[in-house]
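Accompanying notes for the structure given below.
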Amino acid sequence: MQYRSLGFAAERLRPCGRPDIVNQIIVCISEGRALYTSAPLEGAEVAVAQEAKNLEKFLDDLEIFHNSFETFKRGGQGLPPVPENLVSQWNNLHEAKDRLEKVHDYVMKCQNMEEELVGPRPEWGHTDNATKLMENSVSARINKVVRSSSDLSAACDKVLHMIGSPMEAGIGAEVHGVVESLDEATHKLHDLTFGKADEEEAGPAAQQALAPLLLSPPSWCRPAARGCGRSLLESQLRRRSFVRIRPPEKPPFTCVLLDHTSPARLVDRHNLQLCTFQVREVKPFELLSQVSFAQVHGQITAIAAETVTVLFPANDDFVLPSTGELRRIRHDSSWEGVVGSLMAFWSPIWNRDHQTAATDLEDWPGFQSLVNMLSSPCPNIAIDMLDEAAWLHVARGLSPRKATGVCGWHNKDLRLLPRAALADLATILDQLLALGFPDFLMQARVAVLSKVATPDSASQARPITILSCLFRLWARVLFSKVLVEWSRSLPRSITGCIKGRSALDLSYEVQAMVEDSLSNKNDLSGFCLDLRKAFNFLPRAPLGDLLQRLGLPARVASGWCRSLAKVSRSFQIHGSLGPALPSTTGAPEGDPTSVLGMIAVCWLFVELLQGVVSPKAYVDNLSWSSDDLENHAPALLILEDFRRALSGGKTSALTFSRAQAVQGGVWPFLFFGTEGIAPSSTTVHALRGAASRAIIGNYHTLSPFGAMRFLQGAQDPEVFLLCHHVSQLRRALVTSPETASALLCRLSGPLISHRAVCGPAGALQVLLHRNDWTVQADGLFRGPLHCQFNLHTASAKQVRHMFQLAWGSHVQDQIQHRNGLSAAPVPHAHLSASVLGGFRPWEQKFLSRSMCGGFMSGAERNTWSRDSTDLCPLCRELDTRSHRIFRCPALQEKRGPHQELLDTVQQQFPHWAHMPYVSWPFEASVLQLFLAKLCLPELAAPCTDRKLVLFTDASAIHTACPTARVTAWAVVQGKLPPSAPDLTADDLSHASLLAGFSVLGQGCTPGPQTVPRAELAALVWASSWADQNPACQVTVFSDCQPALNLWHRWLRFGWEQVRGFANADLLKNVPRPRSVQARKIKAHQSATEVARAPLWEQWLAAGNEAADAAAKQACRDLPTAVRDIANQAALQCQNQQRLLRQFFRAILDMGVLEASKRRQEARHQHERQTAQLAAASSLSDLLSRFRTWQVPLSGILSIPEAWEENWESWPLGLQYGRLLLGWLQNLRWHAQPAAPTDTWEVSYLEMMLSFSTASAVPPLVENVFRPGTYWPLPQAKLQLQHVSLRQVVSCFRAALLQLGKLLGRPIFPCAEIKDVAYLRLLQLPAPNIGLDARPSLPGGGWVDLLEQLALSECAVEFLAGASWS
């Protein structure tokens, strides 16, 4: 019917002059008929695909015809109207299009599902992918699984047959017979050894008759065997009266959860459910495994070289992105997977500290500063580790149920050892203790227990370290002896593992404290914390020091620490041991000495907090309590010091670890590959501000330039960019000299604008130019403060140092606009940071904020905040940074001890009140410029001897101050005695030595001033001098190993291979000598060491001393001008360092007091507001109190009775000003201190209403159309200006403050407060600024006006419509 309608429509439309539409209808008809009259079934997949394509083409043509028919239906251009019947029929036909599309999709979906389930149909014939589809089909895999299951079932039947069954014997029956034979043999041996039970009951006579039949053990073990026999017999006869009930054991740790994630890209979408992804690594994704992509789960159905095909569920409505992550989560129970996961998790924990920190206490300065303040409660404990009685007592008490160590000994074996054997064992172990127990004795296996019922990751495993039983026996003897002494001397607040102190006692004490607090209604609060992985995170060097401080002999403590360094753990999974894992951190849990270390840590915790709070410690559970909330703040600061001291090799505040994260993680990641880009100054400053606030904190007045300049570990992003770009250019000198040469030419050429930057040369030139650096064609870079370096010879460290030093000049320019810093000098970042590093972590955090200008005074905050006051809350004076440090009387008790220092700072360094730092001395820049121009002196005349010995050494002035350090070097020639090296005593006489050594050369070191560089300069000069006579064999002795290392490397490989090393510029263009050898000699040998040495070594030591004396003389011979400049620079640095350190201490003392008093003031204000709200609990009570508030006539006036008028700078109009003065003359205040009943607050809103009512003047607001002018509120509302109640009140407050400035005195005898709490009863949003004292307000109608304002829907509309006449 539909096709006949289409044909009819075509015939009707043919005369209309639109052949295109007619042709489209005919095409649709012909193809539609072809679709329904397709060719017969050919039995191939091609036919199905062709049918689908024909249907798709028909649907497309149908849509095209629909669009053309719609155009024709609208008529126009002489076209006849289309009959309604035809339009209706076409609409019915077009509606069938959607159903045809669904049928098409359903057919294709069924076809794909059929292929996935059973593969291609047989009638398809053989095609290229028919075999692959058949093998990957679900039915084929099910058949494969069925066949595998059958094979497995057959194998199981075979195994059961071999084991045996009740019907026939097998291996099980044979094993059962062997067990019965062993049991029978055991009973016979027992009867032969101890007698039968009935014979024992027969009495002593029977026992005597059986005595000759007892076995006789060897003489040395006979007593132990008898005692052991009796104990075993008694244990068999004794009945157990109590058995502890234990919870069910956790399952063994045999499986880990692995999470594999790989970036994936969709490369082929076969249909809505089947998709192929390209992944980076195919190995983790196995066939038929479950995966997820974009949080949609699916199953892998095919795997290729770089692709995987995933089948997603058909019932989910999802849209897959083109890129994402393909994720597979699986459980791995293989031995390699479990052991590897455990080692990957625990290795960073057990190796947190480096080797030096594990053994050297100097790497723990924070810990040393803490323990040096404490005194030990224990004298030196006399421990006899050879006490036979103690060893016998401990051995007999060993539990037979403990695990066997790697050594092979078991506690059952050790219990059998006689006294003599234990004495020998004690002697052997005591001899081994000095150097630490050997490696084989410190091997340990790790049994892994689960923390949860179903563990799936290494973090849910509890490793139990099982050390050798011999070591545990020695440690238990030590443990028992030490605890006897510690139980008498350690504080009672330390419980756990100490005799007479149990966890139950501690719990009982805490419950009693809580009961007493509740009964007496006293305050009681506290903290409780648990040390995470306590034993595993204990630092070894501090642990050994703590044990020695608590009386443990140094020999025992150091021997134990050396033994810990040899501990190696092997995880035991599935009965097999994994690879050995060494450690540098922590103490093994199975070691009794580790428990002693944990008790020592508890003592440190208790001693630090004693006197501040009441501390308590139970092994790794630490807590404290206090009856005063104020005590928790200092306790938390002490706790932070305690945590820092035991958690890192270097003490650094949290701010500095963040700084290192920025320097080592953020900047390299952010600026990677940006050598051709020069970020704008605005972009760099945004990064600088974000980094500084991430390090210090989000403080409004913080100077980002100061933060990135003064903090150790942090580098300004601009400096990092300079170093990064120049570093890449230095690398290009080696990797691509032609490219580097071209870049240098462009750098030293005409200036490139920022917009024209298109590569590395332009980017680097822009960065250098905006930081005042210049470049020459020969690679010489010059910058501020006389900083310079040569690109061809300077090392990376020297380049960074020069850029960092020159950056100080730019920082000075960027901070001089700040308040109080207009005359601030150039900062010395290194010395300032070193002073800051001498304080404790929490002190550093406080001081770093002060150094960076992060503290905001009340006066500064008041310039932008409407909710704060500019008066000091402690003394009611103007709150500035200088006021807090130098003048605030509330802090005088802490300022007094530092008054002389503060006076000096106020006179000489006034900028320290805003940003305290050590300044860079101008003399240092002059000295640096002079030394950079120096060269090595001319060579001396060559020597004609055949064999020579030279000695080199270096010395320096101001070695402790790198800024003013100047180094010098010397080369001494030693004339060999004729019999060398077989010397006589005469060769070492004073006269012979004086005649045998002579100074060959001396000089000042060019460039950077370090002692290794000076030593290298001496070596370079000596080798160059010796190379003048190649026939002479020269041996140079130096006591500087770094200089010798670099010299030997240069001699072997040439300058190109050492150009990146520090001080390698001294070796450039120096010919490598052919007959010179350089050797190391020990420096600064004592007289005893020299006397014991052979005569030849004594002569060499004399030569080294001669070189040392010559180097010191070279320092004394430095030019007078150079010495004077260096002395001035050193004196300035030392004085400012000393003053800054003392100033920081004063800031800390006053800062702690200020914080405490500010908290007290805030608490008092809160209590006062609470009392006010209690006194006026409702709006009616509040208004009644306002109406009855009176101040006696003897009260204080706001302004004097006479004053000098000057209205030139008054912006609010003369009439308004005089009315305001008249209103202020009527204000009277209570004399301070006022009685509690006379203590009340007042808001500016109330004062504004009082003034407007009494003076018949409407409130003023600023005219937004003419900024700087003011007009009445009703007029502003008529002009549709948006006004809020806060703006109206702020305008009135600004008028009062401006009036006070005109009068030259404060107009209120009290301080401002941020919020008047009782206005909340009026439903006014907080905060509402006001005063902390209440005057008598003139005008009686303002209270009624305030009540009406509170009841109105819009306060501003109410005030604008009120009558003020």
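Everything quoted here is computed from the prediction, not taken from an experiment. We use all heavy atoms of the structure for the numbers below, so side chains are in, but hydrogens, waters and symmetry mates are not.
- In this structure, P1338 and N1226 approach most closely via the heavy-atom pair CG-CB, 4.1 Å.
- Counting heavy atoms from C-beta on, the side chains of Q906 and L902 never come closer than 4.5 Å.
- Counting non-hydrogen atoms of other residues, nucleotides and ligands closer than 6.0 Å to NZ of K894 gives a total of 12 or fewer.
- Between the CG atom of L1296 and the CE atom of M1248 there is a distance of 11.0 Å, given to the nearest 0.5 Å.
- With hydrogens and angles disregarded, no donor-acceptor distance shorter than 3.5 Å links the side chain of R1334 to the backbone of F1186.
- A distance-only check finds no donor-acceptor pair linking the side chain of R884 to the backbone of M1150 [under 3.5 Å].
- Taking 4.5 Å as the limit, every side-chain heavy atom of I1329 sits out of range of all side-chain heavy atoms of V1316.
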Stepwise side-chain hydrogen bond (donor to acceptor under 3.5 Å, both in side chains) test for D903 and Q899: CA-CA 6 Å; D903 293 340; Q899 191 62 53; 3.0 Å; yes
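- Taking the six-membered ring wherever Trp is involved, the centroid distance between the rings of H898 and F1143 does not fall below 6.0 Å.
- Contact record, C852 with R818: O-NH2, 4.3 Å, taken as the closest heavy-atom pair.
- Heavy atoms only, all atoms of each residue included: L1331 and C1310 are closest at CB-SG, 3.7 Å.
- A distance-only check finds no donor-acceptor pair linking the side chain of N1328 to the backbone of D1315 [under 3.5 Å].
- Summarising the geometry, atom CG belonging to N819 is positioned 8.5 Å from atom OG1 belonging to T880; distances are rounded to the nearest 0.5 Å.
- For the side chain to side chain contact (heavy atoms under 4.5 Å, CB included) criterion with F1292, the lone passing option out of L1212, V1261, L1249, L1220 is L1220.
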Ring pair (Phe, Tyr, Trp, His ring centres under 6.0 Å) between F1251 and Y1244, worked out: CA-CA 10 Å; F1251 165 72; Y1244 280 105; over 10 Å; no
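- Judged by distance alone, the side chain of R1228 and the main-chain N or O of S1336 form no donor-acceptor pair under 3.5 Å.
- Salt-bridge check for R709 with D716: failed, with every basic side-chain N at 4.0 Å or more from each acidic carboxylate O.
- Proximity of a side-chain donor or acceptor of Y1318 to a complementary backbone N or O of E1241 within less than 3.5 Å is detected.
- For the atom pair CG of L836 and CD of Q844, the computed distance is 5.0 Å after rounding to the nearest 0.5 Å.
- With a 4.5 Å cut-off on side-chain heavy atoms, H685 and F705 count as touching.
- Side-chain polar atoms of Q1279 and W1271 form no donor-acceptor pair below 3.5 angstrom.
- Between the W912 side chain and the M915 main chain, no donor and acceptor come within less than 3.5 Å of each other.
- Judged by distance alone, with hydrogens and angles left aside, the side-chain atoms of S692 form no donor-acceptor pair with the main-chain N or O of M708 at under 3.5 Å.
- The ring of Y917 has its center no closer than 6.0 angstrom to the ring center of F909.
- Taking SG from C888 and CD1 from I885, the interatomic distance works out to 11.5 Å, rounded to the nearest 0.5 Å.
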Residues D627, N522; criterion side chain to side chain contact (heavy atoms under 4.5 Å, CB included); working and verdict: CA-CA 7 Å; D627 55 0; N522 298 328; 6.0 Å; no
Evaluation steps, side chain to side chain contact (heavy atoms under 4.5 Å, CB included), between R1293 and L1297: CA-CA 6 Å; R1293 174 175 174 264; L1297 296 179; 4.0 Å; yes
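- Atom CE of M1247 sits about 8.0 Å away from atom CG of L1227, to the nearest 0.5 Å.
- No side-chain donor-acceptor contact under 3.5 Å links Q1142 and R1145.
- The shortest distance between side-chain heavy atoms of H914 and I815 does not fall below 4.5 Å.
- The nearest pair of heavy atoms linking W1229 to V1191 is C-CG1, 3.7 Å.
- A donor-acceptor pair under 3.5 Å is formed between the side chain of Q1281 and the backbone N or O of E1262.
- Between R1286 and P1327, the shortest heavy-atom distance links the atoms NH1-O, 3.6 Å.
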Check against side-chain hydrogen bond (donor to acceptor under 3.5 Å, both in side chains), S919 and Q1136: CA-CA 8 Å; S919 61; Q1136 290 197 22; 2.8 Å; yes
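- In this structure the side chain of F846 reaches within 4.5 angstrom of the side chain of I1147, judged on heavy atoms.
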Evaluation steps, side chain to side chain contact (heavy atoms under 4.5 Å, CB included), between V1356 and K1277: CA-CA 9 Å; V1356 176; K1277 296 302 293 182; 4.2 Å; yes
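- Considering only heavy atoms from C-beta on, W1240 stays 4.5 Å or farther from H1230 through its side chain.
- The two residues A1333 and V1242 make their nearest non-hydrogen contact at O-CG1, 3.3 Å.
- No donor-acceptor pair under 3.5 Å is formed between the side chain of Q812 and the backbone N or O of P827.
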V1343 and L1337: CA distance, side-chain angles, deciding distance, side chain to side chain contact (heavy atoms under 4.5 Å, CB included) verdict: CA-CA 10 Å; V1343 180; L1337 297 176; over 6 Å; no
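- Counting only heavy atoms from C-beta outward, the side chains of S626 and D523 never approach each other to under 4.5 Å.
- Once rounded to the nearest 0.5 Å, the distance linking OG of S848 with CD1 of I696 reads 4.0 Å.
- By the 4.5 Å heavy-atom criterion applied to side chains, P916 and S850 are counted as neighbours.
- Using a distance-only test at 3.5 Å, with no hydrogens or angles considered, no donor-acceptor pair links the side chain of S1243 to the main chain of G1330.
- The side-chain hydrogen bond (donor to acceptor under 3.5 Å, both in side chains) test with W1223 singles out one residue from S1255, S1252, S1250, and that residue is S1250.
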